[in-house]
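Down below is the structure, laid out as structure tokens.
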Amino acid sequence: MKNAFVNSSLNYLIKNNACSEKQKNIFRYTLESLYSMITKTATVLILSVFIKTFPLTLLMILLYSILRGFAFGIHATKNLYCWITTLSVYVIIPLTIKFITIPLNIIYGLEAIFFIALFLWAPADTPARPLLNTKKRKSNKIITLFLATLYIVSTLYFKNENYYEIIFFILGMEAVCVCPLTYMIFHIPYNNYKVYKK
């Protein structure tokens, strides 16, 4: 199914001069990522309807996607691992939020640690997408910290336990994803842009 979508889309783009032979691999990677994102998001949202966590899951996906779009971080090395991680995160965490209350002092204490982690390590690239542009790395860090601050401050205004916990888990997940130790555990190179500088 994925190959059919990617190949037909790629052929259409080439036929209409929207993609050259040199750009073929870049477009293929983009189309594969798009297909993966759409299918996983649709599956997660359908499951969330059945387990009655749709609003929590949708909000979590939206807020996390925005933060991750600037902070980046580790990616699963295989599609199967990505499916397992996605389903675990977006099914189990909303259920946890729905049934378990985390004390606010623990939330704010750990969020401070997560913020420091993002300050130290975000944005974190991957071998497939090294962040070669120094200015972009700096601007991504600034935007990441701005978003993290905005998320934390917003919890002071939205007096809702579920919202507190969504922000808590979002920041925690992204802190783990940019942490060098996570890369080390999964044997994935860290700071890949440095390789291209040599």
Side-chain angles (χ1 to χ4, degrees), residues 2 6 22-41 44 60-93 96 102 106-152 165-198:
K2 182 176 79 171
V6 172
K22 289 182 179 178
Q23 296 173 314
K24 199 171 177 180
N25 288 336
I26 296 170
F27 275 83
R28 181 179 293 280
Y29 176 81
T30 304
L31 288 166
E32 286 174 352
S33 299
L34 180 64
Y35 178 87
S36 182
M37 181 189 74
I38 291 170
T39 52
K40 287 182 180 68
T41 303
V44 163
M60 190 173 176
I61 289 172
L62 289 173
L63 294 178
Y64 183 65
S65 297
I66 294 169
L67 183 63
R68 187 161 171 82
F70 295 98
F72 299 104
I74 196 168
H75 280 271
T77 53
K78 292 184 180 179
N79 193 44
L80 175 61
Y81 300 159
C82 189
W83 270 103
I84 292 168
T85 305
T86 300
L87 292 174
S88 299
V89 165
Y90 291 117
V91 173
I92 293 171
I93 290 178
T96 303
I102 303 172
I106 292 176
I107 286 178
Y108 286 125
L110 287 175
E111 280 180 348
I113 295 171
F114 300 153
F115 186 89
I116 292 168
L118 294 174
F119 174 78
L120 292 173
W121 300 314
D125 63 7
T126 62
R129 290 185 64 189
L131 296 171
L132 303 178
N133 190 304
T134 304
K135 286 184 179 178
K136 188 174 181 182
R137 286 199 306 275
K138 287 180 180 177
S139 65
N140 278 7
K141 181 180 284 290
I142 291 166
I143 296 169
T144 297
L145 296 177
F146 170 76
L147 287 170
T149 303
L150 185 65
Y151 286 0
I152 294 168
E165 291 166 358
I166 286 172
I167 298 303
F168 169 76
F169 280 111
I170 285 170
L171 295 176
M173 286 190 303
E174 191 54 30
V176 169
C177 284
V178 299
C179 178
L181 182 60
T182 307
Y183 280 72
M184 192 184 301
I185 290 168
F186 291 100
H187 306 288
I188 295 174
Y190 190 73
N191 281 344
N192 296 274
Y193 70 90
K194 291 181 178 179
V195 176
Y196 290 83
K197 283 186 170 184
K198 293 178 181 178

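When reading the values below, keep in mind they use all heavy atoms of this one structure, side chains included, and skip hydrogens, waters and symmetry mates.
The CG atom of Leu120 sits 7.0 Å away from the NZ atom of Lys141 when rounded to the nearest 0.5 Å. The structure places OG of Ser65 at 10.0 Å from CE of Met60, a figure rounded to the nearest 0.5 Å. Rounded to the nearest 0.5 Å, atoms CG (Asn140) and CG (Leu145) are 10.5 Å apart. Atom CD1 of Ile143 sits about 12.0 Å away from atom CD1 of Ile66, to the nearest 0.5 Å. Leu171 contributes atom CG, which lies 10.5 Å from atom OH of Tyr64 (distance to the nearest 0.5 angstrom). Note: Ile142 CD1 to Phe70 CZ = 12.0 Å, rounded to the nearest 0.5 Å.
Under the 4.5 Å side-chain criterion, counting only non-hydrogen atoms from C-beta, Thr77 is in contact with Ile188. At a threshold of 4.5 Å between non-hydrogen side-chain atoms, the residues Thr149 and Phe115 count as touching. Within the 4.5 Å cutoff, side-chain heavy atoms of Met173 are placed close to those of Ile93.
Looking only at distances, a side-chain donor or acceptor of Thr39 sits under 3.5 Å from a matching main-chain atom of Ser36. Distance alone, capped at 3.5 Å, places no donor-acceptor pair between the Tyr151 side chain and the Ile170 backbone. Although no hydrogens or angles enter the test, the distance criterion places no donor-acceptor pair under 3.5 Å between the side chain of Asn192 and the main chain of Pro130.
Between Ala122 and Thr144, the shortest heavy-atom contact is CB-CG2, 4.0 Å. Across every non-hydrogen atom of Leu67 and Ala148, the tightest pair is CD1-N, 4.5 Å. The two atoms that bring Val176 and Thr182 nearest to each other are O-OG1, 2.6 Å, heavy atoms only.
For the side chain to side chain contact (heavy atoms under 4.5 Å, CB included) with Trp83, the qualifying choice from Thr86, Thr85, Leu87 is Leu87, the only one to do so.
Tyr183 pairs by the ring-ring contact (aromatic ring centres under 6.0 Å, His included) definition with Tyr190, not counting sequence neighbours. With sequence neighbours excluded, the residues forming a side chain to side chain contact (heavy atoms under 4.5 Å, CB included) with Ile107 are Ile102, Leu104, Glu111, Tyr164, Glu165, Phe168, listed by chain and number.
Lys135 and Ser139 are not linked by any side-chain donor-acceptor pair at a separation below 3.5 angstrom, with hydrogens and angles left out of the test.
Relative to the six-membered ring of Phe72, Arg129 misses at least one condition, a distance below 6.0 Å or an angle of at most 45° to the axis.
Pairs of residues two or more places apart, or lying in two chains, never qualify as ring-ring contact (aromatic ring centres under 6.0 Å, His included) while including a residue from residues 119-149.
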